[in-house]
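Note that ligands are numbered from 1 as they come in the structure, with each ligand's atoms numbered from 1 the same way.
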Amino acid sequence: MAKQKTWQVCCLLGAGLLCAVALICLCIASFVNKGCSSGTFQHAAVSADSQRCSEIGRNMLQQGGSAVDGAIAALLCTAVVNPQSMGLGGGSIFTIRDKAGKVKVYSSRETVPQSFKANLLNDCPTKLALTTGSQWIGVPGELRGYEKVHKQYGKLPWPKLFEPTIKLAREGFPMPQYLGGLLSNDMIQKLVKGSSLRDLFCHKNKTVLSNGDILKFPKLAETMETIAAHGADALYTGKIGHDLIQDIKAAGGTLEMEDLHSFRVQVEDAWTVPLGNTLLHIPQPPAGGAMLAFILSLMKGFSLSPNSLHGDQKIQTYQRYIEAAKFANGQRGSIRDPVFNKGKSAAHLVDSDFVDRIREKISTNRTHDDSYYNVTPSTDRVGTTHVSVLDKDGLAVSVTSTINQIFGSGIYSPKTGIILNNELVDFCGRADTVSAGEQPPSSMTPAILESMSGGILVIGGSGGSMITTAVALSIINRLWLGMNLTDAIAAPVVFVDAKNNLNFEKGFDTSVIDGLKALGHRKGEWPYFFNVVSAVEKEHGCITAVSDNRKMGQAAGY
Ligand SMILES: *[C@@H]1O[C@H](CO)[C@@H](O)[C@H](O)[C@H]1NC(C)=O
Ligand SMILES: *[C@@H]1O[C@H](CO)[C@@H](O)[C@H](O)[C@H]1NC(C)=O
Ligand SMILES: *[C@@H]1O[C@H](CO)[C@@H](O)[C@H](O)[C@H]1NC(C)=O
């Protein structure tokens with residue numbers, strides 16, 4: 001009896017020990033399997049321009065959603081957390097790479113309505129300014145875009161994607177710090193107080209909301225609830241559309257129900273451009289992908305390495321970048337909607353012969369007059385958001401979305417809760433005429449890069465004219481100059497504006513600034529560095545996600 005007890009105890013102890021050993025083994029095994037350092041993710045990640053929206057996107061992925069589900073949920077959230085940047089009244093461009101490696105672009109960028117103001121381009125601003133007014137409203141395609149990509153790649157039910165944002169919009173949430181900062185700016189206060197936006201962003205006593213106040217979007221919550229239940233048709237053929245058109249007309253706009261009815265999402269294969277051991281996938285014109293590819297292809301030929309940032313080589317590296325950006329400015333006119341501009345094509349910008357020819361014209365010891373780069377004066381703009389997502393099955397989504405400038409046209413539709421875009425301003429300085437149905441040219445460039453070794457970088461940015469700068473420099477820093485993704489995005493930029501003046505972000509190396517001035521460059525007075533990049537990268541099985549500190553963003557993953 002006693003012996004049997006001892007035997008049982010031994011057994012138990014033995015089993016316990018075995019269990020412990022097994023557990024330790026499991027731990028080691030999973031550790032070795034993961035091998036991902038802290039701060040990186042094993043399965044999937046979302047990088048939106050706010051922590052709240054990155055997390056909402058991540059939660060969708062954890063509930064079995066695809067990268068497209070995560071991206072849509074994060075965008076819907078961004079429409080309330082950064083309502084100045086994007087929303088249902090705007091448009092977007094998705095670049096999507098599927099598991100098999102096929103890359104497609106879904107563009108729901110706004111179009112010119114059938115009827116539009118005569119001599120519209122006479123109203124173009126001549127300097128950097130918020131350009132408000134109903135004449136600039138393009139047909140909003142945002143929601144048709146979500147519908148299309150969700151049908152193709154979605155795994156969660158459509159209504160589920162709206163749930164967290166409806167709750168936020170209805171119950172309210174503390175004023176996001178970034179938006180609170182914008183709303184304290186004089187120019188923006190003037191816009192908000194002087195327009196229907198005051199319904200959303202002012203107290204009853206007409207003072208503008210600030211940090212510490214609660215932000216609510218009750219009408220938008222209702223609209224989203226209807227769209228969640230009845231689909232995009234509620235906006236494009238149904239009552240929400242009729243209400244929206246009524247509000248636009250009341251504000252003097254020309255959009256008709258027929259414009260909403262006839263809106264179609266454009267689906268095309270992405271353009272793919274080789275950059276050494278890396279393939280760059282970009283959206284075709286009128287998106288800004290060709291500009292990004294042009295600059296990166298020029299820079300690829302200079303065989304950059306981490307040494308290119310050492311000593312005087314750093315001046316040389318930026319000199320080359322700036323010259324490349326000046327040639328890119330000279331090409332701004334070639335980015336037009338190909339359907340409406342038969343003679344114009346941006347295809348040469350991704351043609352290696354043309355790129356090689358231009359690279360030979362880049363001087364290392366001087367700069368040139370604007371005519372050398374074929375630059376005609378135009379204006380710059382600010383705005384937009386970007387979301388990058390990579391899911392556990394390898395679906396990659398890079399989406400840039402916008403209502404164009406801060407608060408778009410400055411017109412809020414009280415019946416629907418939707419803020420309307422001023423996308424038609426994008427023709428200014430880049431076109432002499434516009435056609436009904438045409439998409440305005442854009443700087444937006446949601447990109448996906450893949451390396452021969454299987455690495456993926458999903459990246460894009462916001463900041464209007466600064467998008468190309470922000471994305472190009474981040475990619476150059478990451479790919480060739482030896483920076484990790486965080487540093488690549490955080491590094492101060494030099495923005496070559498539409499007049500070919502150099503504008504240096506705070507913190508830019510002053511010895512390089514002096515070196516560049518000595519080469520003859522002009523300095524500009526660009527006041528706003530709204531350049532913001534969101535990226536997700538997978539390398540050796542581990543995922544890094546970075547959302548730009550400039551907009552106080554934070555990525556999320558698991
Ligand atoms: C306006 O109303 C808000 C909220 O009730 C209050 O905090 C603020 O002090 C008021 N401002 C003025 C100028 O009355
Ligand atoms: C710049 O370099 C070119 C080619 O090396 C040379 O011919 C030219 O004199 C140099 N110009 C200046 C201003 O140093
Ligand atoms: C990125 O690199 C910098 C400089 O080498 C380093 O200080 C930082 O910790 C790195 N960040 C990450 C997330 O690895």
Quiz: residues 410-418 side-chain donor-acceptor pairs under 3.5 angstrom, not counting sequence neighbours:
unit_1	atom_1	unit_2	atom_2	d
Ser413	OG	Asp247	OD2	2.6
Ser413	OG	Thr416	N	3.4
Ser413	OG	Thr416	OG1	2.6
Lys415	NZ	Gln246	OE1	3.1
Thr416	OG1	Ile418	N	3.2

> For the residue pair Tyr318 and Tyr321, does the interplanar ring angle fall in the parallel (under 30°), tilted (30 to 60°) or perpendicular (over 60°) class?
Replying inline: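 Tyr318 vs Tyr321 ring planes: perpendicular.
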> What is the ring orientation for Phe94 with Tyr146, classed by angle as parallel under 30°, tilted 30 to 60°, or perpendicular over 60°?
Replying inline: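 Perpendicular.
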> Under a 4.0 Å heavy-atom cut-off, what residues line ligand 1?
Replying inline: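 Under the 4.0 Å cut-off, ligand 1 touches His203, Asn205, Thr207.
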>> Once salt bridge (charged side-chain N to carboxylate O under 4.0 Å, His left out) is applied, what residue pairs with a partner in residues 477-491 remain, sequence neighbours excluded?
In response: Arg478-Glu537, Arg478-Glu539
> Taking the six-membered ring for Trp, is the centroid-to-centroid distance between Phe294 and Phe327 below 6.0 Å?
Replying inline: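 Aromatic pair excluded; centres sit 6.0 Å or further apart.
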> Going by the ring pair (Phe, Tyr, Trp, His ring centres under 6.0 Å) test, which pairs reach into residues 42-63, not counting sequence neighbours?
Replying inline: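 Pairs touching residues 42-63 that pass the test: His43-Tyr558.
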> If you count the atoms of ligand 3 from 1 in the order shown, which ones are under 4.0 Å from a heavy atom of Thr486?
Replying inline: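 Near Thr486, meaning under 4.0 Å from one of its heavy atoms, ligand 3 has 13 (C).
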